[in-house]
Amino acid sequence: MAKQDYYKLLGVSRQADEAEIKKAYRKLARQYHPDKNSSPEAETKFKEISEAYEVLSTPEKRKAYDAYGHEGVDAAGGAGFNNADFQDIFGDIFGDIFGGGRGGARGRGGHRAPAGSDLRYNLEVNLEEAIKGTEVEIKIRTLVACKTCDGSGGKKGAKPVTCDTCHGQGQVRIQQGFFAVSQTCPACNGQGRTIRDKCNTCYGQGRTEGTRTLSIKVPAGVDDGDRIRLAGEGEAGPNGGPAGDLYVEISVKKHEIFKREGADIYCDIPISFATAALGGEIEVPTIEGRVRLKIPPETQTGKLFRLRGKGVKSLRGGHKGDCFCKVVLETPVHLTKEQKQLLEKLEQSCLASNKHSPKEKGWLQSVKSFFEEMKF
């Protein structure tokens, strides 16, 4: 089957310059790429326009094609992508199609050394430290810049040379059939350069294992699960690359008295039967100290009292939460014979009238209605 004219395939004239040809190819590549177009003809069309672009974008091949047609480029070895073509063409097209770019460590982009990995450290603090803030010292085991070579990876005076694997490109090409992918060169980590006279301490990596001691300032108001980011305190990058970040995740220990929910504090306050029935004033704890709380007569167990502004100052909003005290009726234990007799007299006196236990009366009525409806 005769091949179509390359200019007609791309929809450009024979006088089109390199920019016009590339623009036409990019437009068609988006239209016919198999991952974007599922029609049976799309893959064949994509191969044809890619072949046309490869020839017309290469000055020598275009000159041979203009002079001798398809026979001219076929005789010269056919159309195929070299490493530079792959990065320029497919890097741009795939970046547009898949939403990615060609960032990262790359020799052609300035020989940028890759950054080190980010690290995570779990820091446990008690409730008081989380509320008021604190400063703690931690030790982390990580990769640090080699002291012998100052992170360069080479011996003193050693200079980097062009990588023999990628020839300075920072990328190597792997092809399987029609499709090809580009990946960071494993020999130079994408820098395009290597050091042959390597450091005897780090063996050319520019970093070694070590322990670092850091002082962490925990701000007032942090809560369980909050994270503190320390820029540049993570793992050192290879060959002098920038360090990653350290993320300190806060874990707050369980408190014996208080329970925190956001900016509010909750606690249970046990009270006696007499205080609940007759009322009184009791002393309750808050995170700022002790306060006096008035208990009104006939207080029921589970009653929640709110102390405004006695909670935690929010780390983000700046407002202060409240302290909620839930009273819990404490049943007397280890009663004497006399005390039991007094309680029995009180019970008999209360039973003589229905007005002392309003909740009990309503509850009993609900139970009665429930069983009547069930009709066992």
Side-chain angles (χ1 to χ4, degrees), residues 83-84 86-88 90-92 94-95 98-123 135-174 181-219 226-250:
N83 191 48
F86 178 79
Q87 291 190 44
D88 289 339
F90 284 83
D92 289 343
F94 284 1
F98 299 112
R102 291 188 296 167
R106 174 191 306 275
R108 299 184 68 202
H111 303 292
R112 292 174 294 168
S117 299
D118 294 336
L119 299 178
R120 186 180 73 177
Y121 184 90
N122 293 324
L123 178 63
E135 186 171 349
V136 295
E137 198 173 76
I138 65 170
K139 291 184 178 181
I140 56 172
R141 185 77 177 170
T142 183
L143 291 174
V144 297
C146 176
K147 295 181 179 179
T148 304
C149 64
D150 293 326
S152 68
K155 292 182 179 179
K156 188 175 182 180
K159 295 183 178 180
V161 297
T162 302
C163 176
D164 294 330
T165 302
C166 65
H167 307 291
Q169 297 295 319
Q171 300 270 314
V172 291
R173 179 191 180 198
I174 300 175
V181 294
S182 183
Q183 68 177 22
T184 301
C185 176
C188 64
N189 291 322
Q191 298 182 68
R193 299 177 297 177
T194 58
I195 296 178
R196 289 176 181 167
D197 198 6
K198 301 183 186 299
C199 170
N200 291 329
T201 302
C202 64
Y203 305 102
Q205 291 296 313
R207 54 186 184 172
T208 57
E209 287 190 4
T211 301
R212 298 179 58 199
T213 301
L214 298 172
S215 182
I216 308 296
K217 290 184 178 180
V218 180
D226 283 347
R227 190 167 65 168
I228 302 171
R229 175 176 173 263
L230 301 177
E233 298 293 353
E235 188 178 271
N239 305 116
D245 298 333
L246 173 64
Y247 291 90
V248 180
E249 294 198 1
I250 302 298

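Quantities reported herein were computed from a predicted structural model and do not represent experimental measurements.
Residue V248 forms a side chain to side chain contact (heavy atoms under 4.5 Å, CB included) with just one option from I216, V218, D226, and that option is I216. With respect to E233, the side chain to side chain contact (heavy atoms under 4.5 Å, CB included) criterion is satisfied by exactly one of D245, L214, T142, L119: L214.
Formation of a donor-acceptor pair under 3.5 Å by the R193 side chain with backbone atoms of P160 is not found in this model.
To the nearest 0.5 Å, atoms NZ (K155) and CG (N200) are separated by 4.0 Å. Interatomic distance, C185 SG to H167 NE2, rounded to the nearest 0.5 Å: 9.5 Å. L143 contributes atom CG, which lies 11.0 Å from atom CZ of R212 (distance to the nearest 0.5 angstrom). Interatomic distance, OH of Y121 versus NZ of K139, reported as 10.5 Å (0.5 Å rounding). Considering NZ of K156 and OG1 of T148, their distance stands at 12.0 Å, rounded to 0.5 Å. Between atom CG of residue L246 and atom CZ of residue R227 there is a gap of 10.5 Å, rounded to the nearest 0.5 Å.
Contact detail for K217 and I228: the closest heavy-atom pair is O-CD1, 4.0 Å. G154 and I195 get closest at one heavy-atom pair: CA-CG2, 3.6 Å. S215 and E135 make their closest contact through OG-OE2, 2.6 Å (heavy atoms, listed as atom of the first residue, atom of the second, distance). Nearest heavy atom pair, residue D197 against residue A158, reads O-CB, 3.7 Å. The heavy-atom pair separating C149 from C202 by the smallest distance is SG-SG, 3.7 Å. Residues Q171 and C166 come closest through the heavy atom pair O-CB, 3.4 Å.
Contact annotation: the side chain of R207 approaches that of E235 to within less than 4.5 Å [non-hydrogen atoms, C-beta and beyond]. Residues V144 and T208 form a side-chain contact, since some pair of their non-hydrogen atoms from C-beta on lies under 4.5 Å apart.
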Exercise for the section: For the pair R229 and D118, evaluate salt bridge (Lys or Arg N to Asp or Glu O under 4.0 Å) and give the outcome as yes or no after the intermediate values. Expected result: CA-CA 10 Å; R229 175 176 173 263; D118 294 336; over 6 Å; no

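The number of heavy-atom neighbours closer than 6.0 Å to CZ of R196, taken from other residues, nucleotides and ligands shown, is 12 or below.
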